[in-house]
Protein chains: 2
Amino acid sequence: MDKKVREDVHTTGVPTLCQACDARHRGVCGALNTNQLVTLSKHSVRRKLDPGTELVGEEQDVSQYSNVIGGVVKLTKMLSDGRQQIVGLQFAPDFLGRPFSRSSRFSAEAATDVELCSFSKGLIDRMIDESPDLEHKLLEQTLKELDEARDWMLTLGRKTAAEKVASFLHLIAVNVDPEASESEGPITFDLPLTRADIADFLGLTIETVSRQLTKLRKDGVIHIENNRHITVPDIERLNDRASL
Amino acid sequence: MDKKVREDVHTTGVPTLCQACDARHRGVCGALNTNQLVTLSKHSVRRKLDPGTELVGEEQDVSQYSNVIGGVVKLTKMLSDGRQQIVGLQFAPDFLGRPFSRSSRFSAEAATDVELCSFSKGLIDRMIDESPDLEHKLLEQTLKELDEARDWMLTLGRKTAAEKVASFLHLIAVNVDPEASESEGPITFDLPLTRADIADFLGLTIETVSRQLTKLRKDGVIHIENNRHITVPDIERLNDRASL
DNA sequence: CGGCTCCTTGATATACGTCAATGGGCGTGG
DNA sequence: CCACGCCCATTGACGTATATCAAGGAGCCG
């Protein structure tokens with residue numbers, strides 16, 4: 001299961017699995033010392049998930065935490081009649097899981113091919129108790145997610161369909177290339193979500209999303225290939241459409 | 001400024017100002033020891049605000065943290081053309097302020113008469129460094145707010161106007177009486193928000209909010225007196241309307 | 001080739017927004 | 001005391017953005 005982990009605590013100390021891992025640089029693992037990393041890596045599993053795989057169900061108990069190593073995980077909520085809303089997207093190297101609560105309040109599902117690094121909840125919970133740095137990292141990530149959620153509330157509550165779709169494209173573009181907002185030059189990326197997912201993220205229908213995308217395409221704000229591959233020649237024009 | 005604070009560290013120790021304060025029991029101050037409470041209370045100010053008073057502007061620097069002692073504070077975001085969205089409501093004994101960031105990403109405004117207990121940011125930031133318990137409390141509150149924000153995203157994105165208004169009434173009812181959801185019997189409360197605020201919270205217009213409220217009234221789900229005073233005879237019927 | 005899934009496009013319906021008029025409560029000033 | 005204006009809320013008539021319903025195309029796999 002973790003056969004790739006060389007346990008040579010006496011050399012550099014950092015488990016090989018972790019050495020190149022983004023979570024150690026920008027994610028929560030950055031708050032751990034070498035010993036903790038070693039302990040954790042012994043009890044961690046790398047997993048690959050296909051799109052659509054459900055990680056945790058709504059209201060379901062959670063016994064695992066994970067770091068997102070690659071791909072996109074969507075967090076969704078559903079009403080009893082089936083209406084669905086995506087309440088968050090997690091990109092690498094985000095931490096996935098809900099400290100201090102045994103059950104999740106939403107379901108987590110792979111939107112794309114996803115690679116995870118998972119570990120038992122108990123182990124992390126114990127590390128949180130011991131290591132203020134880890135708790136600090138978690139607080140930082142949680143505050144970031146809260147900011148993002150509130151930004152999105154403005155989008156959901158007050159923007160038009162056209163602005164919503166542009167805002168979504170902006171969100172993805174920025175995640176692909178964090179410098180994108182400032183730099184000149186075209187940005188290109190693959191949409192991690194289907195039209196149905198985009199609709200659930202924006203509080204719209206598939207049809208409306210589709211219409212707004214073709215409108216953006218016809219207006220030259222974006223180019224679309226194969227439904228998924230997007231090029232944004234001028235991010236400023238996109239931002240205008242998103243009312244940013 | 002803090003003339004009411006008896007500094008008798010040798011008796012009970014807890015500053016009189018804090019003794020009856022809800023923030024010490026259920027809020028972040030619960031994570032502080034007596035010494036910290038004394039230090040903090042020496043540098044804290046009780047303030048009363050009139051409805052409409054702005055606490056912090058969007059993008060503005062924050063030099064103060066506060067506990068909400070009474071009343072309701074609304075957190076709002078605005079688009080450049082004036083469209084507005086309330087992204088959160090803070091009730092007593094919520095903590096108000098943004099750790100690790102000098103500027104706020106939304107504006108905070110008193111929705112009702114509000115009583116605050118404010119203290120300098122620097123002091124708290126230092127206490128956070130020293131006291132893991134305090135950081136833990138902050139993480140808990142932040143996670144709670146994140147859950148609430150995501151719940152609301154479902155409301156904003158996927159519920160009808162009728163369901164939105166019912167959801168809002170439910171939110172207020174539960175905040176007034178946390179047991180309300182289970183217990184039988186009528187619940188009665190004053191709306192802390194004007195119709196305009198409710199509209200900004202729900203992503204609707206004033207008129208639509210008004211129409212939905214009169215519909216609920218005509219259907220006997222609620223009684224309304226003086227525009228603000230609401231009675232809910234049967235919370236179950238309200239929950240049904242909110243699709244909860 | 002047929003049968004998927006995903007996406008687009010068009011015609012029509014409807015929930016909600018917009019515009020406009022009205023009324024109630026309340027403080028101010030005659 | 002009433003008159004006036006102001007703010008807030010309600011109500012109605014009408015407009016429109018987005019949903020719904022329906023058809024069809026493109027890619028993909030067995």
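Note that the coordinates shown come from a computational prediction; the quantities given were computed from them, not determined experimentally.
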*Asks:* Between atom CG in A:Leu202 and atom C1' in D:dA19, what is the gap in whole Å?
*Replies:* 15 Å
*Asks:* Output yes when a side-chain donor or acceptor of A:Arg26 lies under 3.5 Å from a complementary backbone atom of A:Asp94, and no otherwise.
*Replies:* no
*Asks:* List for me each residue that meets side chain to side chain donor-acceptor pair (under 3.5 Å) alongside B:Thr155, sequence neighbours excluded, and say none if there are none.
*Replies:* none
*Asks:* What integer distance in Å separates B:Arg228:CZ from D:dT10:P?
*Replies:* 11 Å
*Asks:* Kindly determine whether A:Arg46 and A:Glu115 satisfy salt bridge (Lys or Arg N to Asp or Glu O under 4.0 Å), including the steps that lead there.
*Replies:* CA-CA 7 Å; A:Arg46 287 262 182 153; A:Glu115 189 173 5; 3.4 Å; yes
*Asks:* Would you say the side-chain atoms of A:Arg195 pair up with the backbone N or O of A:Asn227, donor to acceptor, closer than 3.5 Å?
*Replies:* yes
*Asks:* I'd like to know whether NZ of B:Lys121 has more than 12 heavy-atom contacts from other residues, nucleotides or ligands below 6.0 angstrom.
*Replies:* yes
*Asks:* Within residues 207-215 of chain A, which residues have any heavy atom lying less than 4.0 Å from an atom of DNA chain D?
*Replies:* A:Glu207, A:Thr208, A:Arg211
*Asks:* Report the distance from atom CG of B:Leu204 to atom P of D:dA9, rounded to the nearest whole Å.
*Replies:* 15 Å
*Asks:* Taking 5' to 3' order, which nucleotide of DNA chain C is first and which is last to have an atom within less than 4.0 Å of a heavy atom in chain A?
*Replies:* C:dC7 to C:dA11
*Asks:* Tell me, which of residues 157-171 of chain A have any heavy atom that sits under 4.0 Å from an atom in DNA chain D?
*Replies:* A:Thr160, A:Ala161
*Asks:* In degrees rounded to 10°, what angle is found between the helical axes fit to the five outermost pairs at each end of the helix from C:dC1-D:dG30 to C:dG30-D:dC1?
*Replies:* 20°
*Asks:* Taking B:Asp200's backbone N and O only, do any of them form a donor-acceptor pair with B:Gln85's side chain (distance below 3.5 Å, no angle check)?
*Replies:* yes
*Asks:* A:Glu225 CD to D:dA26 P: how many Å, rounded?
*Replies:* 17 Å
*Asks:* How long is the line joining CD1 of B:Ile224 and P of D:dT10, in whole Å?
*Replies:* 6 Å
*Asks:* Which residues pass the side chain to side chain donor-acceptor pair (under 3.5 Å) test with B:Glu145, sequence neighbours left out?
*Replies:* A:Arg150, B:Gln141
*Asks:* Would you kindly give the CD1-to-P distance between B:Ile206 and D:dT11, to the nearest whole Å?
*Replies:* 15 Å
